[in-house]
2 protein chains.
Amino acid sequence: MTQVEPAAAETKLGRKRDHTRDPEILAAALEVLAETGFDGMTIDMVAARAKAGKATLYRRWPSKNELVIDAVACMKQADLDQSRLPDTGTLRGDLVAMIKPRSIEDAVKKMQIMAGVMSMISATPELADAANEALIKPRAAANRFLIQRAIDRGEVTPGCDIDALCLVTPAMATYRTLIERKPVDRDFLISLIDGVLLPALGLRAGDSPGAR
Amino acid sequence: MTQVEPAAAETKLGRKRDHTRDPEILAAALEVLAETGFDGMTIDMVAARAKAGKATLYRRWPSKNELVIDAVACMKQADLDQSRLPDTGTLRGDLVAMIKPRSIEDAVKKMQIMAGVMSMISATPELADAANEALIKPRAAANRFLIQRAIDRGEVTPGCDIDALCLVTPAMATYRTLIERKPVDRDFLISLIDGVLLPALGLRAGDSPGAR
DNA sequence: TCTATACGATACTGTGGAGTTCCGGATCTT
DNA sequence: AAGATCCGGAACTCCACAGTATCGTATAGA
C-alpha cells in the first residue's frame, strides 16, 4: 500500500517485477484514450505503447472496460492542492493567476480524455463518476475555494450561488472543447472570468474603472 | 422540397415509393441513438425499428456514419422560432417562461442523443458541427434574442458578453446531463437563471427588492 | 548454478456487426 | 395484363478486435 517501499527495483532492461508496471500501463492507456477515444482504442495499442504484452494487461485487469475506468480514476492525483492555489488579494487576480500554460495543457488533455470516454460514459455510471471526480471536480473545487475566500475577505457579498458558479468554467470549457472544438486558450478563459464569473458576483473586470 | 406535395401516397401495407421512408428511418435512427449510443447502435436495430430492410438503408446512405450525421442534422427543424418566443416584459419572465415540460423533454432527448454521439464526435468534425447546430445553437440563439431584447428595452445595460452568456445555460445543462447524470429539471434551470445569468447581467432575481 | 516467477512477444480462437447479395412480393406505369 | 421498379426480409461474407494460450527469456532467490 505504501508507495515508498521499493517493492521492486528496476532491472537492466528497465523491466520491473510484480505489478510495478501498472503506472506505465495506465499512462499508456490514457494516452491512447486521448488520441483515439474508447472505441478506437485497442488493447494491443495500449500494450504496444507501454511496451508490455497483452497478456500482462489481462493478468491485471479483467477487461478493457475495467482498465479504462482504472486509468481515468488514477488521474485524480495531487491535482490542485488548495494550499498551492494563488493568493493575489483579489478574486480576479487569483482566477487569472490560475491560467498557466501548464494548466491549459493539462486541461486540454483532460478534455481529450473526456471526449474519448464519452461513448462509454452513457452506459457505465462508474466511469462517469470517475471522470467527474478526476477531470472536473478538482477545478470546480479550486474555484469554490477562491470564491469562498473572496467572500470571507469581504470582496464578494455572500449569498451568491457558489455551487453553480464554480462549475461555470469547467462546464463551458468542456462544451467548447467537445462540441465547438475550439481551443480553450487564455483569451477564452479571461472572457469567461470577466464576462460571466465576476459580473455574476457583482464585480467588474477593471479594478477601479466603471468604464465602457 | 415542399413537404406538402404528396410525392408518394401510402399504399395498403403502409409502404411508400421513392425515398419517402427517409423520415421514418431517420427518426428510428435518432431513437436508437438516444437509447443505446452510437457504438451500441447497429444498422439492424435501426432497420427493425423503422420496419425497413437493411438494404434499404444502404441504398440511401453509404455507411452508418453518414446515416447518423444525417439524422442529427435533420433534428434542426423549426425548433425555436424567434417569433414564437415568450415576451413577458422582463428578461427573467421570458427566461422562466421558456421552461416548459415539453421543452425540458425535448432537451433531455437532445442530451441523450448528444451523449450517444459523443464518441464519434471526436473523430468526425462534421458530426460535431451537426450536433452543435441542431442541439445547442438553437437554444443559445433564443437566449441571445431574449437578452438582446432586454438590452434594447433598457432593462439590461449593453456591453455585457452576450456570446458567452447565451451559452451558459446550454453548456451547463450539457455538463449536468452527460457527466453529472443529474436531471435538468425546472429547479436547476431556475437556479441557473437566478444564480448566474441574471446576476451576470446586473439583475436580481426578485423584481424590486434590493435585499441582502 | 538451478529453480521459480513474472514478463514480452506472438500465434490463435471466437464473435459481433458492417456491408453485400439475392429473392419474393407489392406497387406503379402503359 | 405485363413489364418495371422499389422495398422488406434474410442469408451471406468479411474483418477487426476482445480475450486466451503458448513459449522463450530475464530476473530473483537460494
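Numbered from 1 within each chain, the chains take letters A, B, ... in sequence-line order.
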note = Picking from C/dA18, C/dT21, D/dA18, the nucleotide nearest the side-chain atoms of B/K54 would be C/dA18
key: Euclidean distance, atom CG of residue B/D44 to atom P of D/dT13 [Å, nearest integer]   = 16 Å
task = First locate atom OG1 of A/T177, then atom NZ of A/K110, and finally report the distance between them rounded to the nearest 0.5 Å.
result = 12.5 Å
request  = Under 4.0 Å between any heavy atoms, over every strand shown, what does A/M41 touch: base, sugar-phosphate, or nothing? Just pick one.
outcome  = sugar-phosphate
message = Please determine whether a side-chain nitrogen or oxygen atom of A/T42 lies at a distance below 4.0 Å from atom OP1 or OP2 of D/dC17.
response = no
ask   = Between B/D194 and B/R92, does at least one N-O distance fall below 4.0 Å, as a salt bridge requires?
value = yes
note = Among the nucleotides C/dG19, D/dG19, D/dA21, whichever has the atom closest to the side chain of A/A55 is D/dA21
inquiry  = So, taking the atom named CG in A/D94 and the one named OG1 in A/T88, what distance separates them when rounded to the nearest 0.5 Å?
reply    = 3.5 Å
task = Please state how far atom CD1 in B/I43 lies from atom P in D/dC12, giving the value in whole angstrom units.
result = 21 Å
task = Round to the nearest Å and state the distance from A/R60 atom CZ to D/dG19 atom C1'.
result = 18 Å
ask   = When only distance counts, do a donor and an acceptor, one from the side chain of A/R21 and one from the base of C/dG8, lie under 3.5 Å apart?
value = no
query = Can you check the A/N65 CG to D/dG19 C1' distance for me, whole Å?
reply = 13 Å
request  = Using the closest heavy atom to pick a nucleotide of DNA chain C for each, name whichever of B/R59 or B/S63 lands nearer the 5' end.
outcome  = B/S63
note = A/K51 atom NZ is separated from D/dA26 atom P, nearest whole Å, by 17 Å
request  = Would you mind telling me which residue lines up with the more 5' stretch of DNA chain D, A/D39 or B/A50, judged by nearest nucleotide?
outcome  = B/A50
request  = In whole angstrom, give the distance that lies between atom CG of A/L57 and atom P of D/dC17.
outcome  = 16 Å
ask   = Which whole-number value in Å describes the distance from A/K64 NZ to D/dA16 P?
value = 15 Å
task = Give a yes or no on this: more than 12 heavy atoms of other residues, nucleotides or ligands lie within 6.0 Å of atom CD of B/E66.
result = yes
Polar contact flag, side-chain donor to acceptor under 3.5 angstrom, B/S83-B/D81 = yes
remark   = B/L67 CG to C/dG17 P, in whole Å, measures 16 Å
